[in-house]
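Here the structure is laid out as structure tokens; the discussion comes afterwards.
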Amino acid sequence: MRFEPLGDQAVMAYADDEIGAAGFAARVRRAAPAWAIDVVQAYASVAVFYELAQIDFFHARHLLTELVERESHGSPLLAQRRHVIPCFYELGLDLERIASHTGLENEAIIRLHADAVYTVYAIGFCPGFPYLGYLAEQLANVPRLRSPRLKVEAGSVGLTGRQTGIYTEARPGGWNIVGRTPLELVNVADNYFPLRTGDEVRFERVDARKFEKLRGRRLPLAD
Amino acid sequence: MSLVVFDPGLASRVVDFGRPQSRSLGVPVGVAADRSSLALGNALLGNPPEAPALEICLKGPIVRAEVPVAAVLFGAPFSISSSRQPLEMGTTFALQTGEEIHFGSTRTGLRAYLCVTGGFACPEILGSRSALECVTVGATLSCQTASIRRRFCPSLHGAASALAAGLRLNDGLWLRVTAGLQASWFNEREFFDQEFTVTPALDRMGVRLQARPLTMPERELISEPVGPGTVQVTRDGQCIVLGMDGQTIGGYPKIAQVIQTDWDALGQLRPGDRLRFQSVTLEEAGELYQKRQAWLREWVTRLRVSLAGI
């Protein structure tokens with residue numbers, strides 16, 4: 001674990017891998033030191049935001065180092081929840097583009113995307129947007145669009161590099177759109193954030209009828 | 001019913017001190033872009049520093065009072081007018097039922113805060129009353145019925161607090177930064193030795209700057225957490241400074257971090273402004289922050305005490 005300053009507002013912790021980062025984030029949240037405002041994980045990094053009026057980087061780093069040393073063994077992670085998210089792949093605007101980059105047929109792209117089990121490695125970009133990893137090798141490394149779309153519809157499922165993700169709200173965006181989920185996956189005003197870092201996500205292919213039927217629904221309670 | 005919005009202006013929205021713990025949900029903090037101006041405006045009315053106010057930006061709204069309202073506009077020196085009385089930025093005023101006020105534009109700075117006695121009553125979302133969207137035509141901003149005598153803050157009168165804090169020096173505007181997490185990927189001389197121009201691509205999410213492009217590293221970053229004040233360098237070698245509604249995770253390399261002391265000044269940057277960056281250490285950033293907080297606390301206390309004395 002390496003600690004670096006994110007300016008004068010947070011300690012950035014770099015772990016060896018995503019699991020290490022998740023464990024560290026869980027430990028800090030559990031310890032809940034009074035000076036720590038927020039804990040944000042993205043892949044193998046975790047930012048611990050602090051209240052500068054109460055503590056500075058050097059002191060915060062010291063306390064986090066102690067926390068890691070004290071609890072480096074056998075700390076259980078947050079319970080991992082599993083979600084199945086319906087996806088209508090016929091709304092995959094960039095299937096052709098993905099096909100030309102990967103050399104795969106559309107059906108093979110859809111099968112590979114829907115067959116994998118993903119982990120939520122970060123929530124960010126826009127409210128509730130899950131960064132999911134990792135794509136099957138054959139689907140990886142499709143670059144972002146040369147020029148981002150001005151508006152990607154809410155529910156759009158995109159991919160780029162080794163990641164896939166869901167535009168929970170309409171936004172400009174440059175990921176390759178592979179399909180769309182009918183579900184509402186965030187509602188800030190209603191404090192609805194069903195996906196959390198560390199959760200497991202799988203996509204389930206649905207047809208147009210089911211897409212219409214599920215439109216605007218929310219995720220069933222995860223097990 | 002309290003204030004009705006006839007014209008929303010360019011980007012007016014209700015803000016307070018923001019959401020404390022929303023970053024891990026991908027929701028930005030949403031704090032007022034110039035917190036000091038919000039706190040000082042509120043202090044003039046006897047409100048707590050974080051009472052929700054309407055942040056106005058570049059071109060202000062037109063609103064009508066449905067009940068008597070006590071208010072003040074504080075921040076950048078916007079023009080402000082009513083058919084019934086002369087009004088001035090930084091001086092409290094009482095609105096009568098039916099009175100309409102026009103907020104114009106500002107020659108310097110970008111934002112100001114329309115504070116009302118008791119603050120605007122808005123729904124609380126994730127621990128804050130900052131709105132997720134700008135106000136629209138016909139919106140109603142609820143607040144208490146109140147009246148007030150004319151008062152203003154002598155040495156801050158008519159000036160944005162960011163300006164009052166002495167950040168706008170004779171030789172131009174400087175923002176102080178600590179090293180970004182990927183500063184070593186760049187030739188920092190290129191960054192510190194030139195002047196940047198603020199482009200019109202500017203909102204609460206971030207400010208896009210224009211300068212000679214920086215030499216880009218041949219490396220890719222895995223997305224990691226970012227925060228307000230993060231200076232990202234996009235593929236074209238240009239810089240974006242993230243604002244108070246900036247994204248929570250970013251994949252562009254970070255060359256610098258604007259220190260918290262200068263966030264108010266960051267919130268007052270307007271298109272065409274020219275600025276330079278000055279490097280400070282984390283220790284200096286900490287000291288500057290304590291000083292700035294002490295300065296703000298002192299003014300807030302003085303204003304509230306003098307109000308109690310009336």
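All heavy atoms count here, side chains included; hydrogens, waters and symmetry mates do not.
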Self-check item: Check: Pro5(A) main-chain N/O paired with Gln257(B) side-chain donor or acceptor under 3.5 Å
Solution: no
Quiz prompt | Donor-acceptor pair, side chain of Asp8(A) and main chain of Gln260(B), under 3.5 angstrom | solution = yes
Under a 4.5 Å heavy-atom cut-off, does chain A meet the side chain of [X], its backbone, both or neither?
X: Ile259(B); result: both
X: Gln290(B); result: side chain
X: Pro228(B); result: both
X: Ser24(B); result: both
X: Val177(B); result: neither

Is the number of heavy atoms from other residues, nucleotides or ligands under 6.0 Å of [X] [atom1] greater than 12?
X: Tyr289(B); atom1: OH; answer: yes
X: Met216(B); atom1: CE; answer: yes
X: Asp16(A); atom1: CG; answer: no
X: Glu137(A); atom1: CD; answer: no
X: Leu132(B); atom1: CG; answer: yes

Pairwise distance [atom1]([X]) to [atom2]([Y]) - rounded to 0.5 angstrom:
X: Leu52(A); Y: Arg292(B); atom1: CG; atom2: CZ; result: 13.0 Å
X: Tyr121(A); Y: Ser223(B); atom1: OH; atom2: OG; result: 14.0 Å
X: Arg196(A); Y: Leu25(B); atom1: CZ; atom2: CG; result: 8.5 Å
X: Thr230(B); Y: Gln9(A); atom1: OG1; atom2: CD; result: 5.5 Å
X: Lys254(B); Y: Leu6(A); atom1: NZ; atom2: CG; result: 7.0 Å
X: Tyr43(A); Y: Ile249(B); atom1: OH; atom2: CD1; result: 8.0 Å

Exercise. Using a cut-off of under 4.5 Å on heavy-atom pairs, state which of Pro130(A), Ala10(A), Ala53(A) scores highest against chain B.
Key: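 Maximum pair count with chain B is reached by Ala53(A).
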Quiz item: Quick one: of Ala47(A), Pro127(A), Ala189(A), who has the most non-hydrogen atom pairs under 4.5 Å with chain B?
Solution: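 Highest number of pairs under 4.5 Å: Pro127(A).
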Practice problem: Examine whether an atom of Gln41(A) lies under 4.5 Å from a heavy atom of chain B, and if so say whether it belongs to the side chain, the backbone or both; otherwise answer neither. | Solution: backbone
Quiz item: With a 4.5 angstrom heavy-atom cut-off, which part of Val188(A) approaches chain B: side chain, backbone, both or neither?
Solution: both
Quiz item: Phe125(A) and Gln247(B): which non-hydrogen atoms are nearest, and at how many Å?
Solution: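 Between these two residues, the closest heavy atoms are O-CB, 3.7 Å.
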Indicate yes or no: at least one non-hydrogen side-chain atom of [X] is less than 4.5 angstrom from one of [Y].
X: Asn191(A); Y: Leu126(B); value: yes
X: Val39(A); Y: Arg23(B); value: no
X: Phe49(A); Y: Gln21(B); value: no

Quiz item: Where along residues 180-190 of chain B does a heavy atom come under 4.5 Å of chain A, listed by residue number?
Solution: Leu181(B), Gln182(B)
Quiz item: Yes or no on side chain to side chain contact (heavy atoms under 4.5 Å, CB included) for Phe193(A) and Val27(B), after CA distance, side-chain angles and deciding distance?
Solution: CA-CA 10 Å; Phe193(A) 297 92; Val27(B) 182; 3.6 Å; yes
